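Structure first, then comments.
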Amino acid sequence: MNREYHRWWSPNLHRDMELLVFGHAGAKVLVFPTRGGRFYEYENLGLVNSIAHKINAGQLQLYCVDSIDIESMYCFWAHPAGRIQRHQQYEDYILREVLPLMAQKNDHPCTISHGCSLGAYHAANIVFRHPHLFNKLAAFSGRFDLTWQVESFSDLFEGFYNDNVYFHTPTHYLVNLNCPQRLAELANTDLLFIIGNQDPFLQNNHTLSHILNHKGLNHRMIEWQGRAHRGRYWREMVPQYL
């Protein structure tokens, strides 16, 4: 299997950023790690190996990016306004640096956004905000409202709310999305969500599904048996749905 390591100084984040590429051809898959996960997490969890047959056959090419969650959403010593601003810089890094690299290396017409847990949030948020750049979303075990509190999961912004938080919370801004062009672009995107039927984020996924239905946006919402919020479950999901 073709495996490449890339590292460069990011002008958007003002720090070095690393990523791994797996495969030589096929649909380009932007892979976000879980909360605080690193660019090598997808490989370490055995997820690359679970779809090695598709990668080696030239069906998929993975671009596994690093996270900066401990500098943004989970940087609790910083003011929430600074946390969400840092997240915006991370999105700029993806849009202005990673996606151009993907396009330069691979001219396949299909681009997929994918992630598990908090990575599913990143994957979904960037698709909902920039649907013209993607053809498919595969979000596993995701949480799509970081202000929502359930079990031990708290409001990551501690009650703080501004336009930046709003425009990075899919279940908030999608309710008021009425742009015909953006809705048409989302209608042409394959939207897939998988969530365990005992996952604490199940209700949040149902809320998102209800919003998408109200907007007339076709999507697949699949409930997996159990909590299904671990690598061993994702290793079963990925070969079937990516």
Side-chain angles (χ1 to χ4, degrees), residues 1-6 17-34 37-67 90-91 93-142 170 182 184-195 212 217-222 224 231 233-242:
M1 181 187 299
N2 179 62
R3 181 184 187 274
E4 303 173 17
Y5 169 76
H6 294 264
M17 291 296 289
E18 301 167 277
L19 62 80
L20 285 171
V21 180
F22 296 93
H24 61 281
K28 303 182 289 288
V29 187
L30 174 64
V31 181
F32 293 94
T34 65
R38 300 301 308 278
F39 63 98
Y40 46 76
E41 178 191 58
Y42 205 77
E43 181 180 34
N44 286 0
L45 288 174
L47 294 166
V48 173
N49 187 60
S50 71
I51 51 173
H53 59 292
K54 293 186 177 183
I55 297 172
N56 288 328
Q59 298 174 15
L60 298 173
Q61 186 180 48
L62 310 184
Y63 291 79
C64 300
V65 298
D66 218 342
S67 76
Y90 179 67
E91 182 182 272
Y93 156 73
I94 298 294
L95 295 174
R96 300 173 184 175
E97 301 178 50
V98 177
L99 288 180
L101 172 70
M102 294 167 64
Q104 176 187 349
K105 291 183 63 64
N106 185 339
D107 62 0
H108 195 282
C110 180
T111 301
I112 302 169
S113 185
H114 169 51
C116 305
S117 194
L118 189 65
Y121 160 81
H122 288 299
N125 187 50
I126 200 167
V127 169
F128 289 138
R129 286 168 53 83
H130 308 279
H132 62 292
L133 299 175
F134 299 93
N135 306 93
K136 179 178 178 178
L137 165 65
F140 300 168
S141 309
R182 194 157 153 203
E185 291 165 347
L186 283 171
N188 289 324
T189 305
D190 182 8
L191 303 173
L192 169 65
F193 307 89
I194 305 179
I195 185 76
L212 295 176
L217 296 172
N218 291 328
H219 61 285
R220 290 176 288 165
M221 182 72 68
I222 298 168
W224 206 266
Y233 297 101
W234 299 329
R235 284 192 293 272
E236 296 177 21
M237 298 174 190
V238 170
Q240 297 184 51
Y241 297 107
L242 191 60

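The residues of the chain are indexed from 1 along the displayed sequence. Reckoned from all heavy atoms, side chains included, excluding hydrogens, waters and symmetry mates. Quick caveat: nothing in here was measured; it's all calculated off a predicted structure.
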Look only at the side chain of [X] and the backbone of [Y], and say whether a donor-acceptor pair between them is shorter than 3.5 Å.
X: K105; Y: V21; value: no
X: E18; Y: F39; value: no
X: K28; Y: A103; value: no
X: H6; Y: E4; value: no
X: S67; Y: G37; value: yes
X: N125; Y: Y121; value: no

Does any part of the side chain of [Y], heavy atoms only, come nearer than 4.5 Å to the side chain of [X], both counted from C-beta?
X: T111; Y: L133; value: no
X: Y42; Y: V238; value: yes
X: Y241; Y: H114; value: no
X: L62; Y: I51; value: yes

Residues passing the salt bridge (Lys or Arg N to Asp or Glu O under 4.0 Å) test with R182, sequence neighbours excluded, are none
Taking all non-hydrogen atoms of both residues, which atom of [X] and which atom of [Y] are closest, and how far apart?
X: L99; Y: F134; answer: CD1-CZ, 4.1 Å
X: V65; Y: L19; answer: CA-CB, 4.1 Å
X: M1; Y: A52; answer: CE-CB, 3.6 Å
X: T189; Y: L137; answer: CG2-N, 4.4 Å
X: F128; Y: P170; answer: CD1-CB, 3.8 Å
X: L217; Y: A187; answer: CD2-N, 3.7 Å

Apply the side-chain hydrogen bond (donor to acceptor under 3.5 Å, both in side chains) test between W234 and each candidate in S141, S50, S117; give the one that qualifies.
S141
Any pair counted as salt bridge (charged side-chain N to carboxylate O under 4.0 Å, His left out), so long as it reaches residues 42-52, sequence neighbours left out:
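Only R3-E43 qualify under salt bridge (charged side-chain N to carboxylate O under 4.0 Å, His left out).
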Under the side chain to side chain donor-acceptor pair (under 3.5 Å) rule, what pairs show up with a residue in residues 128-137, not counting sequence neighbours?
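Sorted result for residues 128-137: Q88-R129, E91-R129, E91-H130.
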